[in-house]
Amino acid sequence: MHHLVELAAPLTTGEGLKTWILLFVGNLFVAFLAIRALGYLIKKEWGEMVTLMVAAVFVGAVIWAPTVVKDVLLGVWNKIAGTA
């Protein structure tokens, strides 16, 4: 908890706020994934679990590495559009 308070203290810049929000959203996302995956495991719904994990990789990349995802998607779009 101390680490979270330490991150919340310098929220005067946008970078500090961005870091704090990404930390909070990332932790909520991981908790949500764990609960859903456990439910699928208990019910033995393997297809839903695999779908959840594939979606989790994409959403996790957007949360923790947004610039990389943006560059990859722009590169794909440029290849499709024929501008690159």
Side-chain angles (χ1 to χ4, degrees):
M1 187 67 178
H2 177 69
H3 183 65
L4 187 62
V5 173
E6 203 173 77
L7 281 174
L11 292 180
T12 56
T13 67
E15 189 63 33
L17 181 61
K18 176 183 149 189
T19 303
W20 191 82
I21 289 173
L22 287 177
L23 175 73
F24 184 72
V25 170
N27 287 337
L28 283 178
F29 180 64
V30 169
F32 171 76
L33 285 179
I35 291 168
R36 295 292 301 227
L38 182 63
Y40 290 142
L41 182 69
I42 290 171
K43 292 192 255 180
K44 295 184 181 179
E45 295 177 344
W46 310 116
E48 285 85 356
M49 185 185 296
V50 169
T51 304
L52 175 74
M53 293 304 144
V54 169
V57 168
F58 182 72
V59 173
V62 170
I63 290 173
W64 288 298
T67 56
V68 174
V69 173
K70 177 185 163 194
D71 292 341
V72 168
L73 290 177
L74 279 174
V76 169
W77 175 253
N78 289 336
K79 292 287 185 188
I80 291 171
T83 58

Drop me the distance from Phe32's CZ to Leu28's CG, to the nearest 0.5 angstrom.
11.0 Å
Residues Ala56 and Leu33: closest non-hydrogen pair is CB-CD1, 3.4 Å
So, do Trp64 and Phe29 sit near enough that their side-chain heavy atoms are less than 4.5 Å apart?
yes
Could you grab the distance from atom CG of Leu41 to atom CD of Glu48, nearest 0.5 Å is fine?
12.5 Å
So which of Ile21, Val25, Asn27 actually passes side chain to side chain contact (heavy atoms under 4.5 Å, CB included) with Leu23?
Asn27
Taking Val59 as the starting point, is it possible to reach Val54 by hopping between hydrophobic residues whose side chains are less than 4.5 Å apart?
no
From Thr51 OG1 over to Tyr40 OH, what is the distance, rounded to the nearest 0.5 angstrom?
8.0 Å
For Met53 and Ala37 the tightest heavy-atom approach is CE-CB, 3.7 Å
I need the Leu38 CG to Lys43 NZ distance, nearest 0.5 Å.
10.5 Å
